[in-house]
Structures are given as structure tokens and as C-alpha cells.
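Worksheet: the structure to be examined is printed underneath.
Naming: A, B, ... by sequence-line order, numbering from 1 per chain.
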Amino acid sequence: MTEELAKVYVPADTERVVSERWAASGAFHAEPTTDTTKASYSVVIPPPNVTAALHLGHALNNTLQDVLVRYHRMRGFNTMWMPGTDHAGIATQTVVEKRLLQQGIKRLDMGREAFIEKTQEWKDEYETTILGQLSELGASCDYERARFTMDDMCATAVRHAFYTLFKDGLIYRGKRLVNWDPVSGTALADDEVEMEDVAGHMWYLRYPLEDGSGHVTVATTRPETMFGDTAVAVNPNDPRANELRGKNVVLPIVGRVIPIIEDDYVVLADPDSTDAKAQMSSGCLKVTPAHDPNDWDIGLRHDLEAINVMAADASISDQYGWDEISDEARPFIGLSREDARAAVVEWFEANDLLDKVVDYSHSVGHSYRSHVPIEPWLSDQWYVAASDDRLAGSALRAQRSDQVTDLAPEHQAGDTNGDGELRFVPDRYARTFQQWHEGIRDWCISRQLWWGHQIPVWNRTVESAAADGSITAALVNTEQGTAVAIGSAWSAAGGVHVARQITDTEIVESVCVPNDSTLRRLERADATMDEAALVAALEADGFVRDPDVLDTWFSSALWPMSTMGWPYPEDFPETTGNDTNLLETFNPTSLLSTAREIITLWVSRMVMFNRYFLDGQLPYNDVFIHAMVQDGHGQKMSKSLGNGVDPRDIIYSHGADAMRFTLVQMTTDTQDVRMPVDMVCPHSGESFTPEFITTKAGHLVAAPTQNSPGDPNKSMVSAYGVAVGLVEPSNDAPLARNTSAKFDGGRNFSNKLWNAVRFAVGRLDGATGTSKPVDVSSASFVDQWILARLHHTISTLETAVENYQFNVYADTLYDFIWHDVCDRYLEAIKPTLDDDGNQQAVLGAVLDASLRLMHPVCPFITETLWPHVGQARLGDVMGLELPASDILATANWPTIDAGLANAAVVANFDRAYRLITEIRTLRSKQNVKPKQRITVHAPAAVLELVDGAGGLVETLAGIGEVHPVDAGPPPVNSPLAFEGSQVFLSGMTDEVDLDAERERLEGVVSQKQKQIGGFKGKLSNEGYVSGAPEHLVQETRDMLAAAEADLAAAQAALDGLG
RNA sequence: GGGCCGUUAACUCAGUUGGCUAGAGUGCCACCUCGACAUGGUGGAAGUCACAGGUUCAAGUCCUGUACGGCCCA
């Protein structure tokens, strides 16, 4: 006998033990195999950023993945869940930089190597925390394989991918507008730009027409960029367009003569419009291609020059492409953008060219890092040609045909590997994916950071005159900036050598160097140099490595490949098995589960890269987009708001299984789920609703300091207060953990299961069961019923998993275990269990199967109970396969014969249960004590039902004796209406409370009358009778008849009361 | 500005192609410490399905519009 089970399930007592048992048994480890009898099921984790600990959103996503992974493992798939973390370039560099700054250390002072070392330490710390959290929440990852986006294996993939794209002309150097952060001196990705509403102004500036016939008035929020104006645009539909056509204006201060062009991007002026833009518009737009993304597009359409008038710090500068500085303009050079704005406005006013100034509130992009306004700035960056058909087109062709609409002919699925196989769940997200690729822009992949994969390109600038003859020959007649492949010693040695003419007199040469694993496999004319030698030679020749690093998403995009050893798994023995490797076995993976804001940043890029590098193969077939967890006020949980919840807090207050169960139950296919969050007082352990304050931005957050609910002299600090740096936890005022009553349901459910098993173990201890498998047809009524319910439950759960209906899974489990097994089955078998060997076997089997079904959602408690239930197993049930296993995590999913789904038994059970409920209601109304046994007097049909239910009604309704009603009602009785006949109860009390009885029956009568009215109304509708399907009409007729019979019975009973 | 989602009981949410008398959990009320479980049991009260139109024999479900809340992309 295993040790006794405690009265209450205490998760903390067992979770760690169970985790260790799993780890020791290697239950989650998968090996590559060519065994075709064992299909693969694989998932790569969306690697969490090493910037911070996991929050509840991660807990949700990883729980869902774990449910699927554990389910498929039990179904016998060769199952692998690849864990890992993401270096998260900009985010990590920012937090580390901030941390160092608090100690007075500046990044630039310490130098690149030392800084990377520091960042590495941070990464190690958080990687440990994150993997620990995953394990605590029960994620059944193959932890031995844990990867990091910057480890050797991933770095090798990055190098090979970059090299391949570079060689194939899909990576290029472009002068483009980037989101420039002038304070941190780096370009930001679009998603790193935060839009903020700013109360600014609209300035109306007059630009004189060249012919002296007047002026046009342009409206702008950014007067300081006017130095770079290269046109004024009007809408072609503007009435003034005709008279302005073909004219030029003289740009004030600068003196540049610029054309008036027509472009329908320009918003027509309309002071009466509800649209703020139309209200504010003057109808004329100054066009500054080098300093505004929309103007850049206009510039492309009209072939305008882009004149960059700013330096990297956003001061006005003549060093970046602005020549011919007028005397008037010279004083502005060197001014900051803020000072320049004031000075320009002042100049216009002084020269009587300022028409007016209007207050204008608008949205301005700000740096996620430094929080200053972003400067759209022209700079040299590396790009991936995502818009190329080989990438974006391929992603579009990947979409399943029933999830894509009006796809351009050239993008329609063909017959290439992977075409038409990508499926989104819920399917509406396919639209997001499609629209993104139809409007995709090339992907800026360089970042001016130190933390990341440094770009593997070495550059040098040479004077055209001094350049190699083959280079100048190759560059003849190419446009400036166009890269041309060069045959050279470098390309012979395995590099990719390109050259670009960047000015009339200068050429830039770039050599992309692959790493050794790639070099070794290249057919190259000169195979004498390895990577180190090649780099040394390049540097000796004046080449310098590009200091930038790659966008974090570049390495993430390779995740389903890089973690499995691509491109050369044989270089990493841990990825190979006897006859195959991870990549062959597990890519494409089965599923990606992620949040919807990642569709463009990550899903898209994984699809493009996996398909490009692996011959059209998709990274996964299914993409499941899960809901977002909001706080109790409907606000997104986020780091900056400090309203995130650490899953460890919930595990502490409720246990991992309770958290998982509740998260799974909350997962419907809507967009958001709301999670009201409470705090736990660290002094008393009491949970309470904190005091909320409103931030400047209008968010409701927990006040930084909270008083203890039990003792107003004690206080604590909130996660919000700490997150925004307003307070620090101390001994007197520690950080309060969070909790939420939402998880009580999960906790109670765990406890319910625990006690059901406790009951069975106690009652079956010493029982003998049955020597041969139970033939269900000879089992008792309730046993047949619970097996039929088990059959139904198993198939419902299987369908739910297939369709990613997580809430259905949780609700179905809950309903089966709590209501069917505990409330009905266990209560019903109490009187018979001890003497019925078949029943003992069925009970053990039902609990065994229940643990298996519940395991994917609640792995800890089920694994803990597993040996106890094993002990309680007293024989098999025919048609129910429950193969033994030491560890539940690797046990088989139950299979059950369709023959056990006995519909007639279920129908009779439901009838009997309705009778039970009627009797219980009546007992309750008459205040009959639970222990009091009563007598039923019933007509033949009801007697037959009660008899056939084998004691069920007697046990659950507290019936002592059952008599036929032939002899007429007993002397002291309470009548009830059941299935159209009268059933009498006696022996409840000495004197029936007639008033209560009358009230109850009157309620029944009026309810039945109302129903009858409804049915009759329906049936008197000619359209319904002739238009609705026959079976529905018949159903209504049957219900009407039943209701009428019930009404008559209730009325008779009422009359009988006198 | 474009796109998406939500609005159903006091609260948090289900409700699959239109078709039972709209469900669950929590909370609330009453009774119950009966040998698994008070993190429990039994019974009960509680909803104009946001609003306005429309389609249909039939609308919580489909269509149009409005209001409010939220998210994503510009």
C-alpha cells in the first residue's frame, strides 16, 4: 500500500517530487527516428526574451502547448517540444544598459566586449529563471535540448542563412528611411516605435511662387524639416491644381527652386469635415522625402531628390547630402531639431510668411528605448528583400486555399512542396497574414547594437581610381548603389564579394564571409583558407567588419530549423540519431502557438525562411493564435504597466495544476480574456483587492504602496510600483504576491479529484475485485452508465484537441469527473461497492482513465495519484484499454470500444435522474432530513424505471421502499408530477406542509401552462408546421403532449390536496 | 484612416452549419458537519442575449446601421 493520502491536496508537497520523477525517467526526451510506425509530433517553443521572468501570458501559451504535447505523447506520437530563449537584442541591451547606468557605468566606456560579457551574465540569470519557471508550470519540454538564439548551433544557422540570402541577392544595402532614435543612435524596427498622442501645433507657412504671382501655403507639424523640401504637392482634384500646374516655388531660407506636383495622397482642405486632417489641411503639402515616410513614397512616385538635412543626433547638418547652403540658411546649421523648429517659425514670422499657427494634437512615433520622438532618417542599412516573390510570394502560396481570399494569380498555390498547407486557428488570422504579405516592405535587418549576431560582412571604401580593374569594369553603367558580384580572390576563397559605386568617386566593397561549417562544404577554387584565415586576410587588406548586429527576428525566423541543427546537423551530434536527425524527423513541426501581434513579426518570417531554405517546406502546418490575458480592468498585461502576474505567484497560492486548468478553461477563440487580480498580504497571507490609482496615461493600476488589510500599520509594495521604479521592496514593506480568485475553480477541481481517488483507495483496500475482465453487459446499471459516459467523454476530448477547443476540453473533463464520477457514480455505488467485484474493477478503471484524461491539463496531481490508482485497480474492463505504465506522462491515452456507448442506458439514467431531482426538490421543500428514508408510490411505468436503474433512485433520493400506486394514494403523502403521471411520496413527515406543497404545485402548473402556450403558439403557426423539418415539428408535438400530461398530473395532485 | 474582436444572470464566461423551455462556474438564499471532499452536498432565486432595423416558419446565432469597450496595423 502506498502512503495514505492527505485530506486536502497540497500542491507544494508534491509538485517538485513529480518534476524530479519526470526528469529522472527521461519522459520528455525525444530521439530522431525513421520508424514510420511512430508519427512525429513536434512543437518549438516561442522563445521567451531573456529580459525578464515569464508572466501569465507565457503561462497561458505554454500551458496550451503542453496540453497538446502531453496529449500527443500519450497518443503514441514521437513527441518533442523544443524549449529555448531569445536574446532579444534591443530589449536586453536596453535593460542591461539601464542597470549599468544605475551603477554609473556607461556602455561606451566599458567597450563592446566587456558589455557583451555583462549582457551574457544577465542572459544566463534569466535563462535559468525562465527554464525554471517552465518546469514549475509543468511544461514537458525536452529540456536537454534547450537552445538559445545566440548559442553555437543557432549562430551557425544564422551565418549560413545570411550567407545564402546574400549570395542569392536577397540581402542588399539600401539607403532608406529608418525609424531613427537620435538619442541612442540606433535604427528601430516598426514594432519598436510607440505611438503617442502629442499636443502640438500645425504651422501654416507661405512659400512664394517662382513667377512672383503669389504664394502657396503649406501646413506642417514639422517646420524644421523644410530645409529638405524638394517639392510642394497638391491633390489633382483640388480646384487650384489647374492654375498651379507646372509652376515652381522658391523655398524660403534655402532658396531652392522646387516644383509643384500633383499627388492624391494630399488631403483636400475641408474646414467642415469631421476628419481632423481635412480640417487642418491647407491643400498644399511640403514634400520632404528624406524626413517623412509618406513623403518618401511621394518622392519615389515623382522621382524627387531626397535631401538629408540632419545629422545622426537630429541636428540640422550640411554633411549628409545638403549642398549649396544659402547665406540665409547657414545660421541654422548645427541647431537641434527643437531649436531649429523655433528658429524656422521665427524666421517665417519675421519675414511675414507665417500664415497662422493652430493647436493640433496628433500621434507621433516615440522610441521604445529612449522615449524621444523618432526621426525618420535616411541611412545605410541592410535589408532582406522580403517583397521578393521567393519570400513574400512563397508565404502567400503557403496559405490553405480555404483561408485565403482573392489572391493575385501569381501568388496562387501551385504544386510546390508546402503550398496551400498553412492553416490558422482561429481562421480569421489568415487574413492578417495575407494582408501583411500583400503589402509587405523589405525588411531592415541591421541594428546599431552590440548585443546580437554581428553582421558577417567586411567592408572597405576605395577611391574609384584606385579600384581593381575588374571591379571598375563590372560597375560600368550600373546605377549608384547597385551591388555587383565580383570575381576575386575573396570569392574564390568562399566569400561573396560585391561592390557598389556609392559616389562618383567612391566604391564600397563588401565581402560576406560564411563560417567554417559552410566553408568546408563549398566547392571553391581556393580552399586553403578557413574562416579565421579569410577574415585575417580581409582585415589585413583594409576590410572592416560591419559593426551592426542583426534584428533579433532574423535569428528567431530560423528557430524551427536552427534548433534542430540546420544546415548541417552532423556538425552537432546531439541533433542526430542512429540513422537520421532532428531536422528530418521534426521539421515541419506540428504546431506554432503564439499571440496575434507576432503574426507579422515572427510567423511570417519563419514561413518565408523555412520555405526558402528547405525547398518549400513549411515550419509548421498549424498556427494557433491564443487569446490575450487582460487585467481586471480590461487592460493588456504589460511590463510597462506593471500589471503582469508572475505565474510563480499563482503556483504559490493555488498550485500549478489549478493555474493550468483555469487558463485552459479560459481559452476560447475570442481575442481577450479578463483576469481580475488580487494581492496577497505578505504579513498575513490574506488575499485582498488592492487599491487602484489612475496613471497619467489613464490606466488603472495597483497603487505602489498598499496597506495590509488586517493591520493598517503594516504596508507592502505592488508589482506596479516596483516595475515603474517608484518603490523598492524592503523588510518592512515587502513586495506583495499576486493572486486571483479565478483560480479557485481549478484548485477546487484538483481537490475534488484528489478526494475521489482517496475514497476509492480507502474502499478498495483489501477488496478482491474480479479475476477475469468485466463483461460490461453483466455489469450493473450505474457501471454501464459511467462507462458510456466515459466513452462519450473520451471522444469529446479528442475532438476538442483536434480543433484546439481548449475550453471544451476543460469543461468536458470537469463535467465528467465532478458531476458524473463524483456526484452520481460514487454516490450511487456506495451501498453496493463492497460486495460487487465487477463494480470494484469498474471503479478502478474509471479512475485510471480519468487520470489519463486529466493528465494533459493537470499533470502534477494526476502523476501524484497515479501509483495510488494503480494500487486500486482490481481487474480490467472488456473494451477499455488501459495499459500499465510506471509514469503517467508516458502512459497511453485510453481507448474505448464503441460498444460501451450504451445510449439506452444513458437515456434511462437521465430519466431516473430527473425523478431523483423531483424527489429531492420535494424533500427540500418539505424540510425532510437527508437521513430520513421515504417511500415512493408509483405507477407501473415509473416502477419499471426505478427497478431497471438498480438502486440508483433509492440511493440518490433517499428512498426506503417503493410501492405500486394501484391501491390508491397513501394516507399522508406529497404528490409530484413525473412524465405525465402522479407519483406519491410518504413517510417524510408526520404532517405534510400543505401550503408549501400547494405553492410548489402551483409553480409547476403555471410553468407548464407557459410552456404549453409556447408550444401551441408554434404549432398554430402554419409556416412552422409546413416549413420546419418534420422531426422538429414532431418534437414540438411530443413536448406539448408531455407538458399537457404533466400539467394534468400536477393539477390532479393540486386538487387532491383539497 | 484600415482591419479584427467583444457587449448573454450581480461577476467571469460558454452557446460549432439559424431549430428544445438560453447554459456553466463564482457570488447570493435555504437546508445539511451523512465515514472521499465544507476547496464539500442538496435544493432555490436570478437573463428584454448592448440598441435600432432587416431576412426567415424560426434570430443570442445571419445581414445593415448605431453606441460603448478592447486589440492590431498605418
**OP:** Verify the neighbour count for atom CD of A:E999: are there more than 12 heavy atoms of other residues, nucleotides or ligands below 6.0 Å?
**Re:** no
inquiry  = Tell me whether the side-chain N or O atoms of A:K7 pair up with the base of B:A38 as donor and acceptor below 3.5 Å, since no angle test is needed here.
reply    = no
Distance criterion of 3.5 Å, no angle test: do you see the side chain of A:E827 paired donor-to-acceptor with the base of B:A36?
yes
* Just call it for A:K1010: base, sugar-phosphate, or nothing, with non-hydrogen atoms closer than 4.0 Å on any strand. => nothing
Rounded to whole Å, CZ of A:F743 lies from C1' of B:U12 at a distance of 12 Å
Comparing nearest nucleotides in RNA chain B, the 5'-proximal residue of the pair A:I916, A:M675 is A:M675
Contacts of A:M666 and A:R596 projected onto RNA chain B by closest heavy atom; the upstream (5') one is A:M666
* Tell me whether the guanidinium CZ or amine NZ of A:R596 lies under 6.0 angstrom from the six-membered ring centre of A:Y429 and within 45° of its axis. => no
Checking A:K830 against A:F759: charged group under 6.0 Å from the ring centre and within 45 degrees of the axis?
yes
Parallel, tilted or perpendicular, as decided by the 30° and 60° cut-offs, for the rings of A:W754 and A:Y9 = tilted
Stems field, RNA chain B, Watson-Crick or wobble, 3.5 Å, at least 3 pairs, by first number, holds B:1-7 with B:67-73, B:10-13 with B:23-26, B:28-32 with B:40-44, B:50-54 with B:62-66
Candidate nucleotides [options], ranked by approach to the side chain of [X] - the nearest:
X	options	answer
A:R428	B:C4, B:G19, B:C57	B:C4
A:Q435	B:C31, B:C71, B:G3	B:G3
A:Y1024	B:C57, B:G41, B:A36	B:C57
A:P930	B:G40, B:C32, B:A36	B:C32
A:F1015	B:G41, B:C20, B:G25	B:C20
A:K752	B:A38, B:A36, B:A14	B:A36

With a 4.0 Å limit, can you tell me whether A:T668 has a side-chain N or O closer than that to the phosphate oxygens OP1/OP2 of B:A14? yes
Across all chains, not counting sequence neighbours, the side chain to side chain contact (heavy atoms under 4.5 Å, CB included) partners of A:V673 are A:A627, A:V629, A:M666
Item to check | Salt bridge present between A:R441 and A:D297 (N-O < 4.0 angstrom) | outcome: yes
